[in-house]
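The chains referred to below are lettered A, B, ... by the order of the sequence lines, with proteins before strands, and numbering in each begins at 1. It should be emphasised that the depicted structure is a prediction, and the values quoted were computed from it without experimental measurement.
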Amino acid sequence: MRFSQLFAPTLREVSADVELASHRLLLRAGYIRQLAAGVYTFMPLGWRVLNNVSDIIREEMDRAGAQELLMPAIHPQELWAESGREATMHDVLLGFKDRKGGQFYLGPTHEEVITDLVRRGVRSYRDLPLNLYQIQMKFRDEPRPRGGLIRAREFLMKDAYSFDRDEAGLDATYNAMYDTYVRIFQRCGLPITAVDASGGAIGGKETKEFMLLADAGEDSILLCPKCGYAANQEIADFRLIVATPAEEPQPMAKVDTPDAHTVQQVCDFLHTMPERLVKTLIYMADGKPVAALIRGDRELNEGRFRVLLGAARLEMATPEQIQQYTGGPVGFSGPVGLTIPMYGDEELRGMVNFVAGANAGDTHLVNVNWTDVQGNITWARLRFAVAGDVCEKCGEPFIERKGVELGHIFKLRYAISEPLQATFTDEEGAEKLIIMGCYGIGVSRILAAVAEVSHDDDGLIWPTSIAPYHVHLIVANAGDEVQRGLAEDVYSRLRDAGIEVLYDDRAERAGIKFKDADLIGVPLQIVVGKVAGEGRMEFRERATKQAEMLHVDEIVQHVRARLA
RNA sequence: CGGGGCGUGGCGCAGCUUGGCAGCGCGUCUGGUUUGGGACCAGAAGGUCGGAGGUUCAAAUCCUCUCGCCCCGACCA
């Protein structure tokens, strides 16, 4: 490709509020342009990288026996109603009505469509197993798109869905996908950490997320430096260490705490610390009120709480509901005198003389002890693990890191096949539900992820496997006949050898071309300049900036050796 | 959803507090000098100041509404 014909408008500067390095550099180097919040164009360079990533994914998926297809992005509302996910995923669904008034959604994911397809096409155990995938734009109305391609509303995704006869079949497919994912990320040059994760709204335990550890990430990951255990904070197990109380219980007392409805306000007012306070959160679990008790400085793990309750829906109570069930306003709830079911975080059992709400306006209780609480409390692990908590397996303190989720493999089991009644007939003639798995990769997010981990002050640095071109050839002075002639010669020799080369033939000053080359980040650079008369040129590596002089006759061989 | 910020030639920004001919840098075009790390000189083109309404002799500037974008936080009591 001749740079003079390439549509890659590079930018010297971008808006000051573009913060992430990946976002800024992809914009500056002309890979992407934003059209609307979380909606981007992939320009020729960006699209080439995306296609290289897609090719790697295809090769590895096909190797694992999966088959590619392409499903519609437009989904009839009825299908989403049938699976029950129109309600649970309502907030992220983007859609429209057609001229007859029919409601459609733009696919945020394709379990419904693929399961509908398979239930119509699969009758017998002889038709299984199946593993079908596609690479396609997904549409999600993210409440807050951010960080460029890291969280977009329209993004390219590889999604695969497996259909097996039984658990053993699903296990085999799941394990094969795990290995496939490891290979894919490795080939993209991404250091990935596979972590235990939660199945989100669908539930289920066997699921792994493939995370890039980076500050730009939105998920919190807990890592054990000793045994290698790694998990999303949503699910991380930890060993509880309860300090034995050194204080004698004091008599409970009521105190006025006007206008103090947050933990911090109460602490400021009473001159105490959040860890001396029991916070009482009122939730509605499938319509019934429950209370979660947690230390003032901790965060409730809602997912864990929901699973503990066995509830399908869990939401915070409204101020009106809190008044109704606790007798007090928001911000003054406490375990003393509460009559709704209470669930306490295990960590609280060792607390003495703590502070809690009095279930009355502008009032808290001090020196509360568990003997003051009449109702029954179910003790359980309710809070999130944090850095410093110790590993369940080996007792080593966790390290906490941010992670960007690039892939997710997940045993769906019957979560979709049951509501959609996707069944098959087994050897004995019995009708059984198909057991499913799903496996996603954020393809466009990989573009950002690689940019995030692989760049320097001058620009991007692509790994050869997904770089838009292999070689960036520059003619320092395009007006010089000798230089020009040699550059053209090198250009055709490289192309004849099947090497993808971006040839900067523009009549620009050399400095501009060097800057653009470093920005764009093609891994190998060749500069034809002053010594062109001797048939020699500079060969250099973008990542290290190391350069050597080579003769035109050895250039193809040399490039090949570097690409191998 | 809550809070904050920003919308001004293609891009990045100043001007707004205190209303009075719309500016700067980059880019673009023309001519010349340059030519290995985002050159220099001279000249030129290019903007209904996001949109609507209002106040005023006069609005980019003040007021109201609205749309868009960015950031922080999201029912944490």
Distances under 3.5 Å only, N/O to N/O: pair up the protein atoms with those of nucleotides 68-71 of chain B.
from: B:C69; atom 1: OP1; to: A:Ala37; atom 2: N; distance (Å): 2.9
from: B:C69; atom 1: O3'; to: A:Gln34; atom 2: NE2; distance (Å): 3.2
from: B:C70; atom 1: OP1; to: A:Gln34; atom 2: NE2; distance (Å): 3.0

| query | Taking the nucleotide of RNA chain B with the closest heavy atom to each, which residue, A:Lys515 or A:Arg509, is nearer the 5' end? | reply | A:Arg509

| What are the two closest non-hydrogen atoms of A:Ala291 and A:Ile282, and how far apart are they? | CB-CD1, 4.0 Å

| field | Listed once per pair and sorted, the salt bridge (Lys or Arg N to Asp or Glu O under 4.0 Å) pairs that draw on residues 4-28 of chain A, sequence neighbours left out | value | none

| said: According to salt bridge (Lys or Arg N to Asp or Glu O under 4.0 Å), does anything in residues 524-535 of chain A pair up with another residue at least two apart or in another chain? List the pairs. | reply: A:Glu534-A:Arg536

My understanding is that only residues two or more places apart in sequence, or in another chain, count here; which of them pass ring-ring contact (aromatic ring centres under 6.0 Å, His included) with [X]?
{"X": "A:Phe104", "answer": "A:Phe96"}
{"X": "A:Tyr491", "answer": "A:Tyr503"}
{"X": "A:His558", "answer": "A:Phe539"}
{"X": "A:Trp379", "answer": "A:Trp370"}

| Which ones in residues 526-536 of chain A lie close to RNA chain B, meaning a heavy atom under 4.0 Å from one of its atoms? | A:Val527, A:Gly529, A:Lys530

| message | Short of 4.0 Å, heavy atom to strand atom, which residues of residues 335-349 of chain A count as contacting RNA chain B? | response | none

What's touching nucleotides 23-32 of chain B from the protein side, N or O pairs under 3.5 Å?
from: B:G25; atom 1: N2; to: A:Glu13; atom 2: OE2; distance (Å): 2.9

| query | How long is the span from the CG atom in A:Asp141 to the NE2 atom in A:His90, to the nearest 0.5 Å? | reply | 10.0 Å

| Touch check for A:Ser15, heavy atoms < 4.0 angstrom, all strands: base, sugar-phosphate only, or nothing? | sugar-phosphate

| task | Assign A:Ile294 to base, sugar-phosphate, or nothing according to its heavy-atom contacts below 4.0 angstrom with the strands shown. | result | nothing

| Listed partners of A:Arg509 passing salt bridge (charged side-chain N to carboxylate O under 4.0 Å, His left out), at least two apart | none

| field | Residue list, side-chain contact (heavy atoms from CB on, under 4.5 Å) with A:Thr371, at least two apart or on another chain | value | A:Asn369

